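Predicted, not measured: the structure shown is a model, and the values here were computed from it.
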Amino acid sequence: MAPASKAEKKATVDAAAWMFNVVTSVGIIIVNKALMATYGFSFATTLTGMHFATTTLMTLVLRFLGYVQPSHLPLPDLLKFVLFANFSIVGMNVSLMWNSVGFYQIAKLSMIPVSCLLEVVLDKIRYSRDTKLSIGVVLLGVGVCTVTDVSVNTRGFIAALIAVWSTSLQQYYVHFLQQKYSLSSFNLLGHTAPAQAASLLVLGPFLDYWLTNQRVDKYEYSMASLMFVFLSCTIAVGTNLSQFICIGRFTAVSFQVLGHMKTILVLIMGFLFFGKEGLNLQVVLGMVIAVAGMIWYGNASSKPGGKERRIHHSLPTIKT
């Protein structure tokens with residue numbers, strides 16, 4: 001196959017993986033919003049545990065059918081990943097509860113520079129000037145769109161700090177473990193999803209009670225709410241899988257940069273479905289800046305020297 005054809009095929013698969021992630025991520029936001037706002041199911045951590053339990057079931061079925069081959073992930077690496085991932089989920093929920101929406105958005109934006117720092121320190125990655133500037137433009141655009149009132153308190157700042165670092169480390173480890181142990185996205189999910197499901201289903205009800213003062217076992221389920229829970233769990237399988245696929249194909253930084261496209265899409269869909277009260281010149285300007293920054297980042301990071309290792313050594317790979 002000609003090099004151009006290989007490049008075109010890779011670009012097509014990359015675009016498909018990214019669209020899969022966008023569709024499932026936006027879809028689960030809409031379903032969860034309906035579940036929590038309309039039916040009062042405010043147990044976010046427990047619901048995430050259900051998501052990973054459904055994902056575990058999917059990986060078991062695929063392994064039984066022979067679509068997923070057996071693989072190995074050392075216990076210390078698995079525990080480290082689950083620790084970061086669970087702190088990310090809990091930290092995000094607590095940060096949203098204790099902080100204003102503006103500061104919560106700023107904390108989410110800071111994941112990009114933190115992810116960059118991890119790649120620079122741990123992977124010896126060097127970014128070109130254009131790549132750094134394009135990331136700055138993306139942050140500026142999304143900030144203009146989403147950041148409004150900003151108030152900070154001590155416990156909220158600590159929660160945001162934990163959320164940002166644990167999420168960045170979790171996303172870095174997705175790429176790292178896939179590279180090191182030659183794991184596919186299904187393989188890595190098959191190792192991590194059961195551990196996350198078990199831990200979140202045990203701790204989730206207690207954490208949700210602490211955050212909402214409501215008990216999940218006292219919630220009055222209806223046929224409609226059960227349908228939305230089932231739909232949320234089904235979409236979550238695609239969300240979890242597409243996240244692993246995207247980070248495996250790109251990097252944590254690229255995933256974060258492109259991830260803000262989902263923020264733009266959620267805003268647009270909100271305007272389309274829920275009215276245009278929030279549509280103003282500031283938001284439109286922010287969208288234009290963010291999209292321009294994303295296009296610039298794609299061009300800058302793909303150029304020679306845009307994003308490369310400072311020390312040319314290969315990552316130790318363990319074939320499984």
Which pair of heavy atoms, one from [X] and one from [Y], lies closest together, and at what distance?
X	Y	result
Met50	Cys233	CB-SG, 3.7 Å
Ala160	Asn99	CB-ND2, 3.9 Å
Ser134	Thr131	OG-O, 2.7 Å
Ser232	His51	OG-NE2, 2.7 Å
Gly49	Leu201	C-CD2, 3.7 Å
Ala17	Cys246	O-SG, 3.5 Å

inquiry  = Applying side-chain contact (heavy atoms from CB on, under 4.5 Å) to Met58 and Phe186, what does each step give before you reach the verdict?
reply    = CA-CA 9 Å; Met58 181 269 296; Phe186 283 108; 3.8 Å; yes

pair [X]-[Y]: side-chain heavy atoms closer than 4.5 Å:
X	Y	answer
Val253	Tyr297	yes
Ile289	Val142	no
Val229	Tyr39	no
Tyr219	Phe43	yes
Phe81	Leu73	no
Pro113	Leu139	yes
Gln243	Gln170	yes
Ile158	Trp98	no

request  = Scan side-chain atoms only and decide if Asp77 and Tyr173 contain a donor-acceptor pair under the 3.5 Å cut-off.
outcome  =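 Absent: no donor and acceptor within the cut-off.
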
Over 12 non-hydrogen atoms of neighbours within 6.0 angstrom of [atom1] in [X]:
X	atom1	answer
Phe20	CZ	yes
Met227	CE	no
Tyr221	OH	yes

key: Of all pairs that satisfy salt bridge (charged side-chain N to carboxylate O under 4.0 Å, His left out), the ones with a partner from residues 192-215, not counting sequence neighbours   = Arg215-Asp217

key: Qualifying salt bridge (charged side-chain N to carboxylate O under 4.0 Å, His left out) pairs with a residue from residues 243-253, counting only residues at least two apart or across chains   =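 Counting only pairs at least two positions apart or across chains, the salt bridge (charged side-chain N to carboxylate O under 4.0 Å, His left out) contacts touching residues 243-253 are Asp14-Arg249.
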
ask   = Which residues satisfy the side chain to side chain donor-acceptor pair (under 3.5 Å) test with Ser225, sequence neighbours excluded?
value = Ser222

request  = Could you tell me which residues satisfy side chain to side chain donor-acceptor pair (under 3.5 Å) with Gln196, sequence neighbours excluded, listed by chain and number?
outcome  =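 Once residues adjacent in sequence are excluded, Gln196 has no partner under the side chain to side chain donor-acceptor pair (under 3.5 Å) criterion.
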
key: side-chain contact (heavy atoms from CB on, under 4.5 Å) assessment of Phe103 paired with Asn153   = CA-CA 10 Å; Phe103 186 73; Asn153 58 77; over 6 Å; no

Measure the spacing between [atom1] of [X] and [atom2] of [Y] and express it to the nearest 0.5 Å.
X	Y	atom1	atom2	value
Ser42	Asn32	OG	CG	12.0 Å
Ile112	Ser168	CD1	OG	9.5 Å
Leu109	Leu140	CG	CG	10.0 Å
Leu203	Thr46	CG	OG1	9.5 Å
Phe244	Gln171	CZ	CD	10.0 Å
Phe176	Leu122	CZ	CG	8.5 Å

query = Under the 3.5 angstrom rule, does the side chain of Ser166 hit a backbone N or O of Ala163 as a donor-acceptor pair?
reply =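 Such a contact is found between Ser166 side chain and Ala163 backbone.
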
inquiry  = Given 3.5 Å as the limit, does a donor-acceptor pair link the side chain of Ser95 with the main chain of Met92, or not?
reply    =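 Flag not set: sc Ser95 to bb Met92 has no pair under 3.5 Å.
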
If Ile, Leu, Val, Met, Phe, Trp and Tyr residues are connected whenever their side-chain heavy atoms lie under 4.5 Å apart, and connections chain through other members, are [X] and [Y] in the same group?
X	Y	value
Trp210	Val216	no
Val144	Ile295	no
Tyr209	Leu207	no
Ile245	Val23	no
Leu133	Tyr127	no

inquiry  = Walk me through whether Leu118 and Trp165 qualify under side-chain contact (heavy atoms from CB on, under 4.5 Å).
reply    = CA-CA 10 Å; Leu118 290 175; Trp165 277 93; 4.1 Å; yes

Please list, one pair per line, the donor and acceptor atoms closer than 3.5 Å that link side chains of residues 82-91 to other protein atoms, with sequence neighbours excluded.
residue	atom	partner	partner atom	Å
Asn86	ND2	Ser199	OG	2.7
Ser88	OG	Thr167	OG1	2.6

Residues Leu188, Tyr181; criterion side-chain contact (heavy atoms from CB on, under 4.5 Å); working and verdict = CA-CA 9 Å; Leu188 187 56; Tyr181 297 106; over 6 Å; no

Result block: side-chain N/O donor-acceptor pairs under 3.5 angstrom for residues 234-241, not counting sequence neighbours:
residue	atom	partner	partner atom	Å
Thr234	OG1	Phe230	O	2.8
Thr239	OG1	Thr24	O	3.4
Thr239	OG1	Ile235	O	3.1
Asn240	ND2	Thr55	OG1	3.0
Asn240	ND2	Ala236	O	3.2

message = Here's a test for you: under side-chain contact (heavy atoms from CB on, under 4.5 Å), which of Thr56, Leu60, Leu189 qualifies with Pro194?
response = Thr56

